[in-house]
Amino acid sequence: MTVPKNSVLVLDSAEPEDLADFYAGLLGARTRRGTDPDFIEVVGHDGVCVAVRRDHGYAPPSWPRPDDSQQAHLHILVAEEDMDEAEREAVSLGARPVETRDNSGPRDVRTYADPAGHSFTLVAREGRSAT
């Protein structure tokens, strides 16, 4: 029998409070601190979405990385008709566009860097909502 488990993607950052606030705003969630002052969870309606850990020696990742494989990144699913609004929300919260080519339509994927430099994508989901 397998022991029940949950998982969460943990991002490193020099400023975990700011990055946690960014993802809370982007995902319509809230932040939650435990006993570790250097660890913050971003909690949504279905539990923990992502967490952020302080790294005093943090250096932002580069994307794309031509010399080796892709690093981990988030796919944030968005209803196709909401992609432009989701992009405006992300940029207003501090996201920086990484790939800006026009790829609209049912396979619309838009790549950004969060305020700490981690890449994430807004991904259109045709015919269904993001939930």
Side-chain angles (χ1 to χ4, degrees):
M1 181 160 122
T2 303
V3 174
K5 299 172 183 73
N6 287 320
S7 63
V8 63
L9 177 63
V10 179
L11 300 173
D12 290 345
S13 176
E15 302 293 335
E17 296 85 0
D18 294 342
L19 191 59
D21 287 342
F22 169 81
Y23 279 107
L26 185 63
L27 299 172
R30 63 182 175 82
T31 61
R32 178 175 68 193
R33 286 185 175 272
T35 57
D36 183 344
D38 291 332
F39 191 84
I40 304 168
E41 295 175 331
V42 178
V43 182
H45 303 290
D46 294 326
V48 178
C49 303
V50 68
V52 183
R53 180 187 71 88
R54 184 180 316 277
D55 179 351
H56 295 284
Y58 177 73
S62 62
W63 188 92
R65 296 177 63 172
D67 55 340
D68 61 14
S69 64
Q70 179 175 306
Q71 298 176 25
H73 66 282
L74 297 173
H75 270 209
I76 299 173
L77 305 179
V78 179
E80 182 181 355
E81 64 272 11
D82 294 334
M83 282 292 284
D84 291 338
E85 182 62 25
E87 180 175 54
R88 284 190 289 275
E89 289 175 358
V91 170
S92 74
L93 290 165
R96 295 178 314 278
V98 173
E99 193 169 297
T100 58
R101 72 174 188 250
D102 181 10
N103 61 359
S104 60
R107 290 190 171 86
D108 194 2
V109 176
R110 303 177 192 182
T111 304
Y112 306 87
D114 69 24
H118 304 102
S119 62
F120 71 93
T121 56
L122 297 176
V123 180
R125 288 297 183 226
E126 182 181 21
R128 56 185 160 136
S129 69
T131 56

For Leu93 and Gly25, work out which heavy atoms get closest and say how close.
CD1-C, 3.5 Å

Once rounded to the nearest 0.5 Å, what's the spacing between atom CG of Asp82 and atom CG of Leu77?
12.5 Å

Would Asp84 and Arg110 count as a salt bridge (charged side-chain N to carboxylate O under 4.0 Å, His left out) if you check the C-alpha gap in whole Å, the side-chain angles of each, and the deciding distance to 0.1 Å?
CA-CA 10 Å; Asp84 291 338; Arg110 303 177 192 182; 3.0 Å; yes

Does any pair with a residue in residues 18-27 pass side-chain hydrogen bond (donor to acceptor under 3.5 Å, both in side chains), and if so which ones, sequence neighbours excluded?
Tyr23-Asp114

Correct closest heavy-atom pair for Met83 and Val78 would be SD-CB, 3.8 Å

Indicate the atoms forming the closest heavy-atom contact of Val8 with Ala51, along with that distance.
CG2-N, 3.8 Å

Evaluate the side-chain hydrogen bond (donor to acceptor under 3.5 Å, both in side chains) criterion for residues Glu15 and Tyr58: first the C-alpha distance (whole Å), next the side-chain angles of each, then the deciding distance (0.1 Å), finally the verdict.
CA-CA 9 Å; Glu15 302 293 335; Tyr58 177 73; over 6 Å; no

Spacing of CZ belonging to Phe39 relative to CZ belonging to Arg32, to within rounding of 0.5 Å
9.5 Å

Spacing of Asp38 atom CG and Arg53 atom CZ [to the nearest 0.5 Å]:
8.5 Å

Taking every non-hydrogen atom, the tightest pair across Ala24 and Thr31
CB-CG2, 4.0 Å

Which pair of heavy atoms, one from Ala113 and one from Val98, lies closest together, and at what distance?
N-CG2, 3.5 Å

How long is the span from the CG atom in Leu9 to the CZ atom in Phe120, to the nearest 0.5 Å?
13.0 Å

Nearest 0.5 Å please: distance from the CD atom of Glu17 over to the CD1 atom of Ile40.
4.5 Å

To the nearest 0.5 Å, atom NE2 of His45 lies from atom CG of Leu27 at 10.0 Å

Can you name the closest pair of heavy atoms from Ala116 and Leu19 and give their distance?
CB-CD2, 3.8 Å

